[in-house]
Enquirer: 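I have a structure here, written as structure tokens, and I will follow up with some questions on it.
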Number of protein chains: 2
Amino acid sequence: MTKQRKVILEELHKVTSHPTADMVYEMVRKRLPHISLGTVYRNLEDLADQGEIRKLSIDGTRMRFDGNPEEHTHIRCIVCGRVDDIHFAPTVSMQDSISDNGYKILGHKLEFYGKCSECRKKDEIMKAKEKKRKSKD
Amino acid sequence: MTKQRKVILEELHKVTSHPTADMVYEMVRKRLPHISLGTVYRNLEDLADQGEIRKLSIDGTRMRFDGNPEEHTHIRCIVCGRVDDIHFAPTVSMQDSISDNGYKILGHKLEFYGKCSECRKKDEIMKAKEKKRKSKD
DNA sequence: ATATTAAATAATAATGATTACTATTACTGA
DNA sequence: TCAGTAATAGTAATCATTATTATTTAATAT
Ligand SMILES: [Mn+2]
Ligand SMILES: [Mn+2]
Ligand SMILES: [Zn+2]
Ligand SMILES: [Zn+2]
């Protein structure tokens, strides 16, 4: 935990705005004027890998970062692009135009992630090989 | 509807793989060897604006395109990155590891989109101005 | 404390996806 | 046939991200 990484994490915890890497860079720069953008990118990546933060792909081309690593739901404005957290228990029909947070909800996006059958097969093969290798010695 | 746009749309309807712009370019090139990548990008954008196709931001940095403009749910493999459609009525608890399509589901992503209160306020102001302008003449 | 080693950084260059530009080509309607 | 318009191919530019490298920092052993 370098001081750069510490400050990046702290700044990300301060906001609920789901900033881009560039925005995080600007935030952190106020406290560490000599930090480089590459360092911000690398630490954001590392923190996301460790599950300390979350990397969001909800915008178009740029990633956004979330200091809250818990799985939760987001709401994005199609006009200005801002992203907010929304309290939502995904149980009943989430159709049509409900209002929450002052938003007029126009639709939703739901995406699962996981491992497909092909990759799971490959996993099994790898595991089998691992077993074989271990039993050899 | 130029022949380029027609072929792009046709090729997109042929597959269920949610290809990137680059992949669409390669597909279309087999039929129109002189088409340029810029034309593919522009037409994909236009088709998406018209609601004929859908532009998906589920990957990291690159966009994917879907010949099916209906709102439906996707499943992505965290290992190989493939994206498939999934038949899912978002009604009950979608927690934990359910299996569908041979996938091992590890989590999901749910995102609403809409208009925030600020932008709706701006809309109201614009509408009011429009009204005023019309009543003037 | 000092030398040694490894890890992380700042600065910069390179890459990859997307968008912008421009001259040329294809269409449309007198 | 002949403008006038819209779309295209080809290319350059931009923007986000990643890779590279020399330098700095931190940790460890002497
Ligand atoms: Mn969030
Ligand atoms: Mn689909
Ligand atoms: Zn807004
Ligand atoms: Zn897979």
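Every chain is numbered from 1, with letters handed out A, B, ... down the list of sequences. Hydrogens, waters and symmetry mates play no part in the numbers below; they use all other heavy atoms, side chains included. Fair warning: this is a prediction, and the values are worked out from it, not measured in the lab.
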Enquirer: Show, in sequence, the C-alpha distance, side-chain angles and deciding distance for B:Lys127 and B:Glu130, and conclude whether the salt bridge (charged side-chain N to carboxylate O under 4.0 Å, His left out) test is met.
Expert: CA-CA 5 Å; B:Lys127 270 183 197 167; B:Glu130 198 69 32; over 6 Å; no
Enquirer: Evaluate the ring planes of B:His18 and B:His72, with Trp represented by its six-membered ring, and classify them as parallel (under 30°), tilted (30 to 60°) or perpendicular (over 60°).
Expert: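 Ring orientation of B:His18 relative to B:His72: tilted.
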Enquirer: Given D:dT17, C:dA10, D:dG10, which nucleotide is nearest the side-chain atoms of B:Ser36?
Expert: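 Of D:dT17, C:dA10, D:dG10, D:dG10 is nearest to the side chain of B:Ser36.
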Enquirer: Below 4.0 angstrom, N of the basic side chain to O of the carboxylate: do B:Glu11 and B:Lys30 qualify?
Expert: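 Not counted as a salt bridge, because no side-chain N and carboxylate O are separated by less than 4.0 Å.
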Enquirer: I want to confirm an ordering. Mapping A:Arg64 and B:Pro33 to their closest nucleotides on DNA chain D, which one lands closer to the 5' end?
Expert: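 Upstream on the strand: B:Pro33.
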Enquirer: Just compare C:dT18, D:dA16, C:dT9 and give me whichever is closest to any side-chain atom of A:Tyr41.
Expert: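 Shortest atom-to-atom distance from the side chain points to D:dA16.
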Enquirer: Nearest to the B:Ile35 side chain among C:dT19, D:dA9, D:dT17, which nucleotide is it?
Expert: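 Output: D:dA9.
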Enquirer: So which nucleotide from D:dT17, C:dT18, C:dT9 ends up closest to the side chain of A:Thr2?
Expert: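 Nearest nucleotide to the side chain: C:dT9.
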Enquirer: What's the CG-P distance between B:Leu37 and D:dG10, to the nearest Å?
Expert: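 It works out to 12 Å between those atoms.
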Enquirer: Let's see if you can work this out: which of D:dT8, D:dT17, C:dA11 has an atom nearest to the side-chain heavy atoms of B:Thr39?
Expert: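 Among the listed nucleotides, the one closest to the side chain of B:Thr39 is D:dT8.
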Enquirer: Let me know the distance between NE2 of B:His34 and C1' of C:dT25, rounded to the nearest Å.
Expert: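 Nearest whole value for this atom pair: 13 Å.
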Enquirer: Grab the CD1-C1' distance between B:Ile8 and D:dA7 for me, whole Å please.
Expert: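 Taking CD1 of B:Ile8 and C1' of D:dA7, I get 12 Å after rounding.
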Enquirer: D:dT8, C:dA8, C:dA10: which one has an atom nearest the side-chain heavy atoms of B:Arg42?
Expert: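 The listed nucleotide nearest to B:Arg42's side chain is D:dT8.
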Enquirer: Return the 5'-most residue of the pair A:Lys3, B:Asp22 with respect to DNA chain C, ranking by each residue's nearest nucleotide.
Expert: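 Closer to the 5' end of DNA chain C: A:Lys3.
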Enquirer: Salt-bridge test for A:Arg29 and A:Glu26: reply yes if a basic N is under 4.0 Å from a carboxylate O, no otherwise.
Expert: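 Salt bridge flag = yes for A:Glu26 with A:Arg29.
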Enquirer: Can you identify which nucleotide, out of C:dT18, D:dT8, D:dT17, has its nearest atom closest to the A:Ala21 side chain?
Expert: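 Closest nucleotide to the A:Ala21 side chain: D:dT17.
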Enquirer: What's the CG-C1' distance between A:Leu32 and C:dA8, to the nearest Å?
Expert: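 Rounded to the whole Å, the gap is 14 Å.
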Enquirer: What nucleic acid atoms does B:Asn43 come within less than 4.0 Å of, heavy atoms only: base, sugar-phosphate, or nothing?
Expert: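 Contact class for B:Asn43: sugar-phosphate only.
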Enquirer: Provide, to the nearest angstrom, the distance between the CG atom belonging to B:Leu44 and the P atom belonging to C:dA17.
Expert: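 Distance check: B:Leu44 CG to C:dA17 P gives 15 Å.
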Enquirer: Give a yes/no answer on whether the side chain of B:Gln4 brings an N or O atom under 4.0 Å of OP1 or OP2 in C:dA26.
Expert: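 So the side-chain polar atoms of B:Gln4 never come under 4.0 Å of the phosphate oxygens OP1 or OP2 of C:dA26.
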Enquirer: Nearest-Å distance, CG (A:Asp59) to P (C:dA17)?
Expert: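 So the two atoms are 18 Å apart, to the nearest Å.
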Enquirer: Would you mind reading off the distance between B:Tyr25 atom OH and D:dT11 atom P, rounded to a whole angstrom?
Expert: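 Value for this atom pair: 11 Å.
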Enquirer: Measure from the side chain of A:Glu45, starting at C-beta and using heavy atoms only, and say which of D:dT18, C:dA8, C:dT19 lies closest.
Expert: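 It is D:dT18.
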Enquirer: With hydrophobic residues grouped by side-chain heavy-atom distances under 4.5 Å, do A:Val40 and A:Met23 end up in a single group?
Expert: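 No, because A:Val40 and A:Met23 fall into different hydrophobic clusters, even though each may have its own neighbours under 4.5 Å.
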Enquirer: Quickly work out the A:Arg5 CZ to D:dT25 C1' distance and round it to whole Å.
Expert: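 Interatomic distance, CZ of A:Arg5 to C1' of D:dT25: 15 Å.
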